[in-house]
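Below is one structure, written out as structure tokens, with a few remarks after it.
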Amino acid sequence: MQMEQLYQEIILDHYKNPHGRGLRDPFDAESFQVNPTCGDEVTLRVKLDGETVTDVSYEGQGCSISQASTSVLTDLVVGRSVGEAFKTLDAFTELMQGKGQVEPDEDVLEDGVAFAGVAKYPARVKCALLGWMAFKDAVVRAEGNAA
Amino acid sequence: MQMEQLYQEIILDHYKNPHGRGLRDPFDAESFQVNPTCGDEVTLRVKLDGETVTDVSYEGQGCSISQASTSVLTDLVVGRSVGEAFKTLDAFTELMQGKGQVEPDEDVLEDGVAFAGVAKYPARVKCALLGWMAFKDAVVRAEGNAA
Amino acid sequence: MSSADGLDVAALRKDFPILQRTVRDGKPLHYIDSGATSQRPRQVLDAEREFLETSNAAVHRGAHQLAEEATDAYEGARQKIADFVGAAADELVFVKNATEGINLVAYAMSNASVAGPESERFRLGPGDEIVVTEMEHHANLVPWQQLALRTGATLKWFGVTDDGRLDLSAVDELITAKTRIVAFTHQSNVLGTVTPVATLAAKARAAGALTVLDACQSVPHQKVDFRALGVDFAVFSGHKMLGPSGVGVLYGRRALLEAMPPFLTGGSMIEMVQMASSTFAPPPQRFEAGVPMTSQAVGLGAAVDYLSVVGMDRINAHEHLLTEAALRGLAEIPGVTIVGPADMKDRGGAVSFVIDGVHPHDAGQVLDDLGVAVRVGHHCAWPLHRRLGIPASIRASFYLYNDLDDVTALLDGVRETKRFFGVS
Amino acid sequence: MSSADGLDVAALRKDFPILQRTVRDGKPLHYIDSGATSQRPRQVLDAEREFLETSNAAVHRGAHQLAEEATDAYEGARQKIADFVGAAADELVFVKNATEGINLVAYAMSNASVAGPESERFRLGPGDEIVVTEMEHHANLVPWQQLALRTGATLKWFGVTDDGRLDLSAVDELITAKTRIVAFTHQSNVLGTVTPVATLAAKARAAGALTVLDACQSVPHQKVDFRALGVDFAVFSGHKMLGPSGVGVLYGRRALLEAMPPFLTGGSMIEMVQMASSTFAPPPQRFEAGVPMTSQAVGLGAAVDYLSVVGMDRINAHEHLLTEAALRGLAEIPGVTIVGPADMKDRGGAVSFVIDGVHPHDAGQVLDDLGVAVRVGHHCAWPLHRRLGIPASIRASFYLYNDLDDVTALLDGVRETKRFFGVS
Ligand SMILES: Cc1ncc(COP(=O)(O)O)c(C=O)c1O
Ligand SMILES: Cc1ncc(COP(=O)(O)O)c(C=O)c1O
């Protein structure tokens, strides 16, 4: 059974006890993302202070992969600069789209390395990226609003 | 070579020397028919006198089969009653759609029996029926006008 | 060994090469996803290949021997399929899938506004109403939304009851003199629910509305006779009934097809073409623009032969048996809720369910790891899932090649899923 | 034995089972009708069958292993085909045939009037002009006539010269600020004429018009690069390039596909669906409603592999050699007139002609009786035939599996036709 490789303890922990969940005010921009093949959805808000991501709050419904990866996202980006956050986002995206061939960097991705197994299941990659897409979109909107 | 069975002398004769060709006045109704797969076309007029077909005149372009069968048509219907003409039409249609299994009745079809070989070539059946469809349509129109 | 219903499934399964394969490190494949697409027996694969190796040519266009043979094979398949669903050959239009068939009708109706007077009855505008149901597959919903958008007509719908039946209580408010189209499914691809087609068709007819039946999930699984059902149009897909992908069928009553304006235009569907304008061939050619899916039609003809030899009644009885076993087994597992009718009344072989505390996607993953191929998600029936208050579901859908082993594997998989995610 | 151009036709022919058969009482088959549809090598048949026997499932819908493999195979084919025509994978939409591809663009443009502001640039109305040519296949003419009818736009066209070239003398009157679409063929399926695509595309671009290229007769026969040609949209069909029937391709520049409203609607092309309205997925999914022609896409991928291994340049050179031989041979037969360019400049391997005193249908019948399969009629280019003053023509169209024997059989057949009908 390869399920243990896919569903690492870290993933199941984040799924059962998600970090930063709930929609909070104030925020600079909100993004709603949906996975059309399964109906999973997430609404995510970001609050920036200059170049710093000061809060990420979210609500949604979805599988353990999508919920846990959004929870991990908040750990990885809140308190960091937008530049750093986007670097992490790129690293996570690369890992997910790497078909299991990409070696994750634990220094960058921390708990995110637990998702390495997802990359072998193409139908689940979108789940893992759902919250991250929402984050990217929300930041772009926030910066657009500020400009 | 089975071509001699398809292109009987009678067909080639009618093709080279078509009977009743040309559009004539007076007429009661006209029909234009086209074979969309090859572009062959015929314009055909009928003149009725009560129940009698007194003239069939036509013009068109097409292969030997379509031209010859229209020529044979004029021989078979002019001077006959509409009822008789439609019986001949039914017999000819049955022969054409019979896939080579129908035995033609020479008493009814006269020169028309020469087309028996056409029934084995499905793509040519429409050619043989083109003028006959025009005749049928024109008579229906003529009777519609009269009514 | 033949099952209780007289179907020798073990023998049948030998006809389906893909069912011999294993998945996920050597596990036998339990393919319980035929509602999405069915597998093909070698008889269908062979028929298509034989056609391609002997008679392939452009149909209805050539005069040479290959073209004659190809046209014969293509039209022969049409006749065979027409016999199978109680229609005449010239009432069947080959399309690429059922989705295209529904779109064809919807676009022909908006095209009617720029076509001749013969297509008057297809014209739609503000004040006119289109009625669908809340249990439709997106294929029988979105095209009507778009038609409403194009024409200014209004879209209305039948609701669904909590136990997954069509809510007919408002039928007389829904189907009225304003109604122009009633489009509904014969069998829900999620719930398995079989709808009262004849009743709805009669109501629609009395109101002067046209009916469009989505027969995607009925034609593969039971004997269907479109004339007897009294519908005006119906669609189904080849790939769900042992046939090839890339071919589907639109049925339309002859008088309607004759009056209906074309949809896709181009070669083979014309009567006369000039630079400025064209006229069109009679049906079914009018609706088959371009070189068609020739070998696929031949393959679908072979699929219909295969189904007929096995017998639709026996197939239906066999699926009934499997569905009943699955429903019974699932009901015994704590935390599992059936989505749709829990009994066997007016119900086909799609069994959808949810597991408390486990997202369907996660359940599907564990099942897949055990070799059990089911579908998870909203199954292209998102509004239905929203209505039932669930984001997604797990669907098992049976066909003639499934057996009680597949049911057992499913039930074991559900238990293992619960164990894995620690829910009880 | 390899021919002068280095193509080992005898070896290639062994890959095509149908070419081994005989017709009309044992005569070897000379299949010179590839312009209508091509034959398929066993490599293509095998690829499709292997897919169906191992990985068949509904693509983009399932999460089980079969669905993963099927999706990979389907998207892998898209990538392969994209590489073959100089495009990115997400710029290719799978359609059932080229005809559907052209209709897709034409309907998307009329749908733009009820879509959001992002599709503004596709909207068409009175005063706007659509430009086509007099040498178009009905597939690239009738959809534009219908679009004009639906929107009130005006249809205009380039004429054809007596020697079968596009008459560009009026180009500046035809392509103006009013022009919204310029739709034209890359290579005439009747005349063999190759059109100056880059020139026309540049003119259209300068005028702010969109170009739609009918590449049905170019992609199978020469190296084509849509980006390099600078067209906005292009279409071609699988069945004309050794691939399956039931699959074709629409190419569209990414930015255009992204802004274009959908055509067929239903499953797999949506983003969100509610009862009253829906939003749509990004391209190419937005344009692929319903379960697609999965195995056919895989087969087309295999066809592209086959063509690439043989080499498009060698195929082109080989057809050049056969065409030249046919043109030379026909010119020597009294009473035969070539329809289209009589020289090899900007010319592909379709050779159409008429015989004085013999109707093309009758000539086709004699040729067929001799085992020579050619097409007779207007070849879905009726206005072109009318322009050239002929009701129909005889067309020989060559492909990689033809050889000089086929040319000889054609020429002998034409002579026999004349003898049979007693014309000299
Ligand atoms: C130039 C041209 N355009 C369009 C088509 C239409 O292709 P299809 O019938 O495969 O859609 C053809 C072939 O029939 C063609 O030769
Ligand atoms: C009930 C129902 N309707 C319509 C469809 C659409 O069929 P297709 O995707 O073959 O067009 C399906 C299957 O996906 C279905 O189950």
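In the text below, chain A, chain B and the rest are named by the order of the sequence lines, each starting its count at 1.
- Between the NE2 atom of C:H359 and the OG atom of A:S64 there is a distance of 8.5 Å, given to the nearest 0.5 Å.
- If you check the side chains of A:Q2 and C:D369, you find no donor sitting under 3.5 Å from an acceptor.
- For the residue pair C:Q365 and A:M3, the shortest heavy atom distance occurs at O-SD, 3.7 Å.
- Looking at C:H361 and A:I65, their side chains never come closer than 4.5 Å, going by heavy atoms from C-beta outward.
- Between A:Y7 and C:F421, the ring centre distance stays below 6.0 Å.
- Using a 4.0 Å cut-off between a side-chain N of Lys or Arg and a carboxylate O of Asp or Glu, A:R124 and C:D368 do not qualify as a salt bridge.
- Environment of CD in A:E51: crowded, with over 12 heavy atoms of neighbouring residues, nucleotides or ligands closer than 6.0 Å.
- For A:K136, the NZ atom counts as loosely surrounded, since its 6.0 Å shell holds 12 or fewer non-hydrogen atoms of other residues, nucleotides or ligands.
- In A:K99, the NZ atom is not crowded: 12 or fewer heavy atoms of neighbouring residues, nucleotides or ligands sit closer than 6.0 Å.
- Of all residues spanning residues 383-394 of chain C, those with a heavy atom less than 4.5 Å away from chain A's heavy atoms are C:P391, C:A392, arranged by number.
- More than 12 non-hydrogen atoms from other residues, nucleotides or ligands lie less than 6.0 angstrom from NZ of C:K418.
- Between C:H378 atom NE2 and A:N35 atom CG the span is 8.0 Å, to the nearest 0.5 Å.
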